[in-house]
Amino acid sequence: MPSRVWLVLAATLIPFVAGAELATQRQEQLRHLLRHDCGSCHGMRLTGGLGPPLTPSSLAQKPTPALAATIRHGRPGTPMPPWSRFVSEEEARWLVDLMKRGTGDASTND
Ligand code: HEC
């Protein structure tokens with residue numbers, strides 16, 4: 001097969017594969033953000049503070065896209081600030097998944 005074809009194939013497939021999962025380094029940055037920045041209002045263990053708890057039981061009934069929108073755009077009129085300058089839509093959903101699984105708080109270190 002001419003090498004040109006491989007180039008086209010690689011150019012098509014690499015972004016697809018890379019997009020399937022956030023880069024490990026980015027996942028670490030987001031966990032850090034969740035613990036330190038979000039934790040300052042939602043509690044170190046995300047069990048609530050100035051902001052409501054972000055624990056699996058408190059989020060289970062709430063749709064992920066709506067929670068991701070709250071993270072990206074904040075809640076005007078409340079202290080919840082918008083984070084869209086720092087997290088993409090995909091990353092906001094990833095954070096919500098993490099909170100729904102209960103693996104984002106400071107008590108877990110995976
Ligand atoms: C300055 C304080 C503050 C910070 C920092 C903050 N939040 Fe909030 N957050 C709030 C408050 C207050 C609410 C409740 C808003 C309301 O009354 O509807 C809230 C609501 C939310 C909700 C909706 C919860 C629900 O049950 O509907 C989510 C999800 C959320 N925050 C995630 C985050 C994430 C993720 C971060 C960090 C990237 C973060 N918050 C940082 C104060 C904060």
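Both counts, for ligands and for their atoms, begin at 1 and track the order of listing. Predicted model only: the values in this text are computed from it and were never measured.
- Considering backbone and side-chain N/O atoms, S40 never comes within less than 3.5 Å of an N/O atom of ligand 1.
- Here C41 does not reach atom 8 (Fe) of ligand 1: none of its N/O/S atoms is less than 2.8 Å from the metal.
- Geometrically, ligand 1 and K62 share a nitrogen or oxygen pair separated by less than 3.5 Å.
- T103 and R31 make their closest contact through O-NH1, 3.0 Å (heavy atoms, listed as atom of the first residue, atom of the second, distance).
- For atom 34 (C) of ligand 1, the nearest non-hydrogen atom from the set A66, G77, C38 comes from C38.
- Angle subtended at atom 8 (Fe) of ligand 1 by H42 NE2 and M80 SD: 170°, rounded to 10 degrees.
- Heavy-atom proximity to G51, at under 4.0 Å, picks out these atoms of ligand 1: 10 (C), 11 (C), 12 (C).
- Under the 4.0 angstrom criterion for non-hydrogen atoms, P79 is in contact with ligand 1.
- Between F86 and R26 the shortest heavy-atom distance is O-NH2, 2.7 Å.
- R75 NH1, 2.6 Å is the protein heavy atom nearest to atom 18 (O) of ligand 1.
- Considering all non-hydrogen atoms of both residues, K100 and L59 come closest at CE-O, 3.4 Å.
- Heavy-atom minimum distance, L95 versus L30: CD2-O, 3.8 Å.
- Nearest protein heavy-atom contact of atom 15 (C) of ligand 1 is T78 OG1, 3.5 Å.
- Ligand 1 has no N or O atom lying under 3.5 Å from any N or O atom of D37, backbone or side chain.
- Interatomic distance, M80 CE to H73 NE2, rounded to the nearest 0.5 Å: 10.5 Å.
- Distances below 4.0 Å separate heavy atoms of I71 from the following atoms of ligand 1: 32 (C), 35 (C).
- Residue D105 comes nearest to M44 through the heavy atom pair CB-O, 4.1 Å, listed as atom of the first residue, atom of the second, then distance.
- Under the 4.0 angstrom criterion for non-hydrogen atoms, L54 is in contact with ligand 1.
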task = Could you walk me through whether M99 and L34 pass side-chain contact (heavy atoms from CB on, under 4.5 Å), step by step?
result = CA-CA 9 Å; M99 296 184 287; L34 189 61; 3.8 Å; yes
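- Linking ILVMFWY side-chain heavy atoms closer than 4.5 Å, directly or via other members, places I71 and L50 in two distinct hydrophobic clusters.
- At a heavy-atom distance under 4.0 Å, no atom of S58 approaches ligand 1.
- Between T55 and S58 the shortest heavy-atom distance is OG1-OG, 2.8 Å.
- Summary of contacts: the protein heavy atom closest to atom 14 (C) of ligand 1 is P52 CD, 3.5 Å.
- For residue T70, no N/O/S atom approaches atom 8 (Fe) of ligand 1 to within less than 2.8 Å.
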request  = Let me see the working for V87 and L33 under side-chain contact (heavy atoms from CB on, under 4.5 Å), right down to the final yes or no.
outcome  = CA-CA 10 Å; V87 295; L33 178 85; 3.9 Å; yes
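- Annotation for ligand 1: atoms under 4.0 Å from non-hydrogen atoms of P81 are 3 (C), 4 (C), 6 (C), 7 (N), 43 (C).
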